**Student:** 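Have a look at this one.
As the structure is a computational prediction, the values presented were derived from the model and not from experiment.
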Amino acid sequence: MATTSHLNSIFESPNIVPKHRAINKIQKRAKITCFHDKNENEFQGYSSSQPTRRIALGLASIAIFGNAQIGNSIAEDNGFWLTGPLPVPYANNNINNEETGTRSFLKKGIYIANIGTKGRMHRLKKYAFDLIAMGDLIAQRDAWNYVRRYLRLKSTFMYFDFDEVISAAEVDDKKPLMDLANRLFDSVEKLEVAVRKQDFPETESCYQATTSVLQEVMSRMA
């Protein structure tokens, strides 16, 4: 009988051990996949205050897109934010070429932000200095394509800045400013044509004449 009971215990024990192992495996899997329980998180070495990656992404998207309307409303009031197509600038004062009714150097599709009269005067002075400093490139004929693009870009800004400065000036200052602007843009047109024709003597002559007027602009806008 002792032998039989011993055999029964041997045959029954394998049925009990797998059950405990299965329970342990289920418990271990539960501890790994479940992070909602505070005690389980602390037991696994996680803090309950540490967000998961999905929660972190959600919070980030709320922070970005939730404040988008606030950022837009502030930007729309400062003159630098556009909600529609690029506005087409135009001059209100008589600073166009009398023969063509425009200026040959003007570039299209450029947004010129409203930075106020003082800001435009500062930009006129800075761009006049930039065009004077362009003299080193005049002697390099392989850089003339760059010179022409640079000249047109800077002169376009100066054209519309001059127009706004003239409009905001005192009555007695309007005519002298308009004369200065016309002398500058007449010179720029001649220089732009000379560069386009790759005429070196004419380009040097036009550049010297333009530099003289640019110096007047810097003195006037100081």
Side-chain angles (χ1 to χ4, degrees), residues 79-82 84-169 173-222:
F80 294 95
W81 186 270
L82 293 179
L86 285 176
V88 179
Y90 59 91
N92 296 308
N93 298 282
N94 188 20
I95 56 176
N96 289 325
N97 189 312
E98 294 181 358
E99 296 180 0
T100 62
T102 183
R103 288 294 179 180
S104 61
F105 55 79
L106 290 178
K107 287 181 66 65
K108 298 180 180 179
I110 297 178
Y111 173 61
I112 301 177
N114 183 9
I115 57 177
T117 303
K118 290 184 178 180
R120 291 179 184 275
M121 293 177 66
H122 175 75
R123 187 160 60 189
L124 279 169
K125 181 180 178 181
K126 181 182 182 302
Y127 282 11
F129 176 81
D130 292 342
L131 290 179
I132 292 174
M134 189 179 61
D136 294 338
L137 297 176
I138 297 295
Q140 304 176 23
R141 299 193 182 189
D142 57 346
W144 278 14
N145 287 332
Y146 169 78
V147 168
R148 183 167 177 262
R149 289 195 298 267
Y150 191 77
L151 178 64
R152 292 187 62 195
L153 177 64
K154 296 290 185 177
S155 299
T156 299
F157 272 86
M158 295 182 74
Y159 174 83
F160 291 109
D161 283 346
F162 242 123
D163 181 66
E164 293 295 333
V165 170
I166 293 170
S167 297
D173 294 332
K174 286 183 182 293
K175 189 177 185 307
L177 285 172
M178 194 176 302
D179 292 341
L180 178 59
N182 279 312
R183 285 194 292 116
L184 172 63
F185 299 134
D186 288 344
S187 297
V188 169
E189 278 191 320
K190 293 177 182 178
L191 177 59
E192 194 262 341
V193 171
V195 173
R196 186 173 66 245
K197 293 192 303 183
Q198 302 285 313
D199 189 330
F200 184 72
E202 185 178 354
T203 298
E204 278 192 324
S205 176
C206 292
Y207 172 74
Q208 294 299 328
T210 305
T211 298
S212 178
V213 184
L214 288 171
Q215 290 173 345
E216 290 187 46
V217 174
M218 292 183 63
S219 299
R220 186 62 188 262
M221 300 301 161

**Student:** Quick one: are E192 and R148 in side-chain contact, heavy atoms under 4.5 Å?
**Tutor:** yes

**Student:** Do the charged groups of D186 and R103 touch, with an N to O distance under 4.0 Å?
**Tutor:** yes

**Student:** Return the CE to CG distance between M158 and L131, rounded to the nearest 0.5 Å.
**Tutor:** 6.0 Å

**Student:** Taking C-beta and beyond as the side chain, do R123 and V165 meet within less than 4.5 Å on heavy atoms?
**Tutor:** no

**Student:** Could you walk me through whether L177 and R220 pass side-chain contact (heavy atoms from CB on, under 4.5 Å), step by step?
**Tutor:** CA-CA 9 Å; L177 285 172; R220 186 62 188 262; 3.9 Å; yes

**Student:** Identify the two heavy atoms, one from Y159 and one from A91, that lie closest to each other, and give their separation to 0.1 Å.
**Tutor:** OH-CB, 3.3 Å

**Student:** Can you tell me if S212 uses its side chain to pair, donor with acceptor, with the backbone of Q208 under 3.5 Å?
**Tutor:** no

**Student:** So do M121 and D161 actually touch side chain to side chain, heavy atoms under 4.5 Å?
**Tutor:** no

**Student:** For E164 and T117: C-alpha separation, side-chain torsions, deciding distance, then whether side-chain contact (heavy atoms from CB on, under 4.5 Å) applies.
**Tutor:** CA-CA 7 Å; E164 293 295 333; T117 303; over 6 Å; no

**Student:** Do M218 and I132 come within less than 4.5 Å of each other through their side chains, counting heavy atoms only?
**Tutor:** yes

**Student:** State plainly whether the residues K175 and D179 are in salt-bridge range, i.e. N to O under 4.0 Å.
**Tutor:** yes

**Student:** Using a 3.5 Å distance criterion without hydrogens, assess whether the side chain of E202 forms a donor-acceptor pair with backbone atoms of A194.
**Tutor:** no

**Student:** Which pair of heavy atoms, one from I95 and one from N182, lies closest together, and at what distance?
**Tutor:** CA-OD1, 3.2 Å

**Student:** Looking only at heavy atoms, which two atoms of Y146 and L137 are closest? And how far apart?
**Tutor:** CE2-CD1, 3.3 Å

**Student:** Please find the pair of heavy atoms, one from F200 and one from A139, that lie closest to each other, and give the distance.
**Tutor:** CE1-CA, 4.1 Å

**Student:** Does the side chain of D130 come within less than 4.5 Å of Y150's, by heavy atoms?
**Tutor:** yes

**Student:** Where do D173 and P176 come nearest, in terms of heavy atoms and distance?
**Tutor:** O-CD, 3.4 Å

**Student:** Walk me through it: do S187 and L214 pass the test side-chain contact (heavy atoms from CB on, under 4.5 Å)?
**Tutor:** CA-CA 10 Å; S187 297; L214 288 171; over 6 Å; no

**Student:** Would you indicate whether the side-chain heavy atoms of M134 and K154 approach each other to under 4.5 Å?
**Tutor:** no

**Student:** Less than 4.5 Å apart, any side-chain heavy atom of M221 and any of F162?
**Tutor:** yes

**Student:** Can you sort out the partners of T100 under side chain to side chain contact (heavy atoms under 4.5 Å, CB included), two or more places apart, ordered by chain and number?
**Tutor:** N97, T102

**Student:** Less than 4.5 Å apart, side chain to side chain, heavy atoms only: is that true for L153 and I110?
**Tutor:** yes

**Student:** Given 3.5 Å as the limit, does a donor-acceptor pair link the side chain of K174 with the main chain of S167, or not?
**Tutor:** yes

**Student:** Verify, without hydrogens or angle tests, whether Y207 (side chain) and G135 (backbone) share a donor-acceptor contact under 3.5 angstrom.
**Tutor:** yes

**Student:** I'd like to know if the side chain of N92 reaches the main chain of I166, judged simply by a donor and an acceptor atom lying under 3.5 Å from each other, with no hydrogens or angles considered.
**Tutor:** no

**Student:** List the steps, then state whether side-chain contact (heavy atoms from CB on, under 4.5 Å) holds for V213 with F185.
**Tutor:** CA-CA 9 Å; V213 184; F185 299 134; over 6 Å; no

**Student:** Which word best sums up how the rings of Y127 and F157 line up, parallel for under 30°, tilted for 30 to 60°, or perpendicular for over 60°?
**Tutor:** perpendicular

**Student:** Which heavy atom of T156 sits nearest to which heavy atom of I112, and what is that distance?
**Tutor:** O-CD1, 4.3 Å

